[in-house]
There are 2 protein chains.
Amino acid sequence: MRVLGDPVRWQIVTLLARETLCTTHLVAETGARQTNLSNHLKVLRDAGVVDTEPCGRFTYYSLRPEAIEALAGSFAELAATARATGAAGRKRSCP
Amino acid sequence: MRVLGDPVRWQIVTLLARETLCTTHLVAETGARQTNLSNHLKVLRDAGVVDTEPCGRFTYYSLRPEAIEALAGSFAELAATARATGAAGRKRSCP
DNA sequence: AGCTGATGTCAGCATGAACTGATGCTATCA
DNA sequence: TGATAGCATCAGTTCATGCTGACATCAGCT
């Protein structure tokens with residue numbers, strides 16, 4: 001969750017959702033430095049959001065749909081309970 | 001998105017999803033100081049994630065289901081395109 | 001009106017995260 | 001085998017943001 005808070009990482013995720021890319025492509029697309037991107041990609045890798053696949057001297061990055069789907073599911077669940085409490089008028093009384 | 005990256009704010013959101021609460025309750029639940037919570041609630045209010053309803057000298061906070069549902073929808077869409085690119089093997093060729 | 005308690009706002013401080021430059025490793029090509 | 005390119009890691013600096021204390025404000029009660 002905190003991992004996707006950074007705008008650069010969010011841009012990386014949206015780019016990878018459409019296409020599997022390697023670091024060079026991401027550098028060209030985002031305009032960020034290679035080192036900077038490498039750090040962000042490490043964070044995304046550690047969080048299990050992206051997968052890596054070496055290809056010669058390049059490394060391809062792809063988005064893991066499971067991770068995004070899990071987030072989407074928890075958000076949907078949260079929205080459902082929120083709507084239920086709103087409909088039921090569930091509120092704790094003033095102390 | 002960036003707004004929900006903070007763990008305290010995430011805790012506030014999950015609490016409000018279940019029950020409409022006022023600041024005193026949130027102070028008791030999270031253990032954070034009142035000023036700290038007030039700042040976080042301001043951020044959530046500015047982002048349109050929560051609604052406020054004054055009740056005497058208390059103020060009730062409730063989660064806005066629309067905001068969460070919008071997030072859930074965009075995540076689901078992202079996951080769908082990610083899964084499609086994975087299935088189609090869509091990748092940009094090495095430069 | 002005056003008092004009390006709940007809440008919001010502001011300025012300063014501290015912690016953490018992002019960005020950068022330098023360096024090293026690995027794979028490909030001449 | 002030397003040169004080059006892609007990529008990762010490390011240490012240092014800068015910047016953002018959360019936290020805190022002090023003050024202001026507002027509603028309700030006596």
Side-chain angles (χ1 to χ4, degrees), chain A residues 1-16 19-64 67 71 91-95, chain B residues 1-16 19-64 67 71 89-95:
Chain A
M1 188 68 239
R2 200 187 59 71
V3 166
L4 298 178
D6 188 82
V8 176
R9 286 199 284 263
W10 182 254
Q11 189 181 2
I12 293 174
V13 166
T14 57
L15 285 171
L16 289 183
E19 223 176 354
T20 295
L21 299 170
C22 56
T23 314
T24 313
H25 297 134
L26 288 171
V27 169
E29 292 282 346
T30 62
R33 306 297 179 86
Q34 180 267 324
T35 343
N36 189 7
L37 273 181
S38 189
N39 283 329
H40 284 304
L41 288 170
K42 176 177 174 49
V43 174
L44 290 171
R45 222 184 313 139
D46 291 349
V49 178
V50 301
D51 256 342
T52 69
E53 180 200 352
C55 167
R57 49 187 174 160
F58 300 93
T59 24
Y60 273 110
Y61 282 89
S62 58
L63 202 58
R64 295 186 53 189
L71 270 179
K91 67 169 64 176
R92 195 179 299 189
S93 58
C94 296
Chain B
M1 187 66 242
R2 199 187 58 72
V3 165
L4 298 177
D6 188 81
V8 177
R9 286 200 284 264
W10 183 253
Q11 189 182 2
I12 293 174
V13 166
T14 55
L15 285 171
L16 289 183
E19 221 176 355
T20 295
L21 299 170
C22 54
T23 314
T24 314
H25 297 135
L26 289 171
V27 169
E29 292 283 346
T30 62
R33 306 298 177 87
Q34 182 267 323
T35 2
N36 188 6
L37 273 181
S38 188
N39 285 328
H40 285 305
L41 288 170
K42 177 179 173 49
V43 173
L44 291 172
R45 222 182 313 138
D46 291 348
V49 178
V50 301
D51 256 343
T52 69
E53 179 201 353
C55 166
R57 35 182 187 167
F58 299 94
T59 33
Y60 272 112
Y61 284 88
S62 58
L63 201 58
R64 294 187 54 189
L71 271 179
R90 193 158 42 228
K91 66 170 65 175
R92 197 178 298 188
S93 58
C94 296

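Values reported hereafter were calculated over all heavy atoms of this structure, with side chains retained and with hydrogens, waters and symmetry mates removed. Keep in mind that this is a model prediction, so the values were computed, not measured.
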For [N] and [X] - does any side-chain N or O of the residue sit under 4.0 Å from the phosphate oxygens OP1/OP2?
X	N	answer
T24(A)	dC7(D)	yes
R2(B)	dA16(D)	no
T23(A)	dG6(D)	no
H40(A)	dC19(C)	yes

Without decimals, in angstroms, what is the distance between [X] [atom1] and [N] [atom2]?
X	N	atom1	atom2	answer
N36(A)	dA18(C)	CG	P	9 Å
L26(B)	dG8(C)	CG	C1'	15 Å
Y61(A)	dC7(D)	OH	P	8 Å
F58(B)	dA6(C)	CZ	P	6 Å
L37(A)	dA8(D)	CG	P	10 Å
R33(A)	dT20(C)	CZ	P	5 Å
K42(B)	dA6(C)	NZ	P	22 Å
L44(B)	dG18(D)	CG	C1'	14 Å

Between dA8(D), dA5(D), dT20(C), which nucleotide gets closest to the side-chain atoms of N39(A)?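 Selected nucleotide: dT20(C).
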Closest approach to the side chain of R57(A), judged atom by atom: which nucleotide of dA27(C), dC19(D), dC7(D) is it?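 Taking heavy atoms from C-beta onward, the closest nucleotide is dA27(C).
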Among side-chain atoms of R9(A) and H40(A), is any donor-acceptor pair under 3.5 angstrom?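 Yes, a side-chain donor-acceptor pair sits under 3.5 Å.
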Non-hydrogen side-chain atoms of R45(A) and Y61(A) separated by less than 4.5 Å: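 Yes, side chains in contact.
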What's the separation between atom CD in Q11(A) and atom CG in D6(A), rounded to the nearest 0.5 Å?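 It is 10.0 Å, given to the nearest 0.5 Å.
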Is the shortest distance from a Lys or Arg side-chain nitrogen in E19(B) or R92(A) to a carboxylate oxygen in the other one below 4.0 Å?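 Result for this pair is yes, salt bridge flagged.
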Would you mind telling me which residue lines up with the more 5' stretch of DNA chain C, G56(A) or R45(B), judged by nearest nucleotide?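 Residue closer to the 5' terminus by nearest nucleotide: R45(B).
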T35(B) or R9(A): which one's nearest nucleotide on DNA chain C is closer to the 5' end?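 Comparing both residues, the 5'-ward one is T35(B).
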dA6(C) base / Q34(B) side chain donor-acceptor hit below 3.5 Å: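 Check fails, no donor-acceptor contact within cut-off.
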Would you mind classifying the nucleic acid contact of T59(A) as base, sugar-phosphate or nothing, using non-hydrogen atoms under 4.0 angstrom?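 Answer is sugar-phosphate: T59(A) comes under 4.0 Å of backbone atoms only.
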Between L63(A) and V13(A), which heavy-atom pair has the shortest distance, and what is it?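 Closest heavy-atom pair between L63(A) and V13(A): CD2-O, 3.7 Å.
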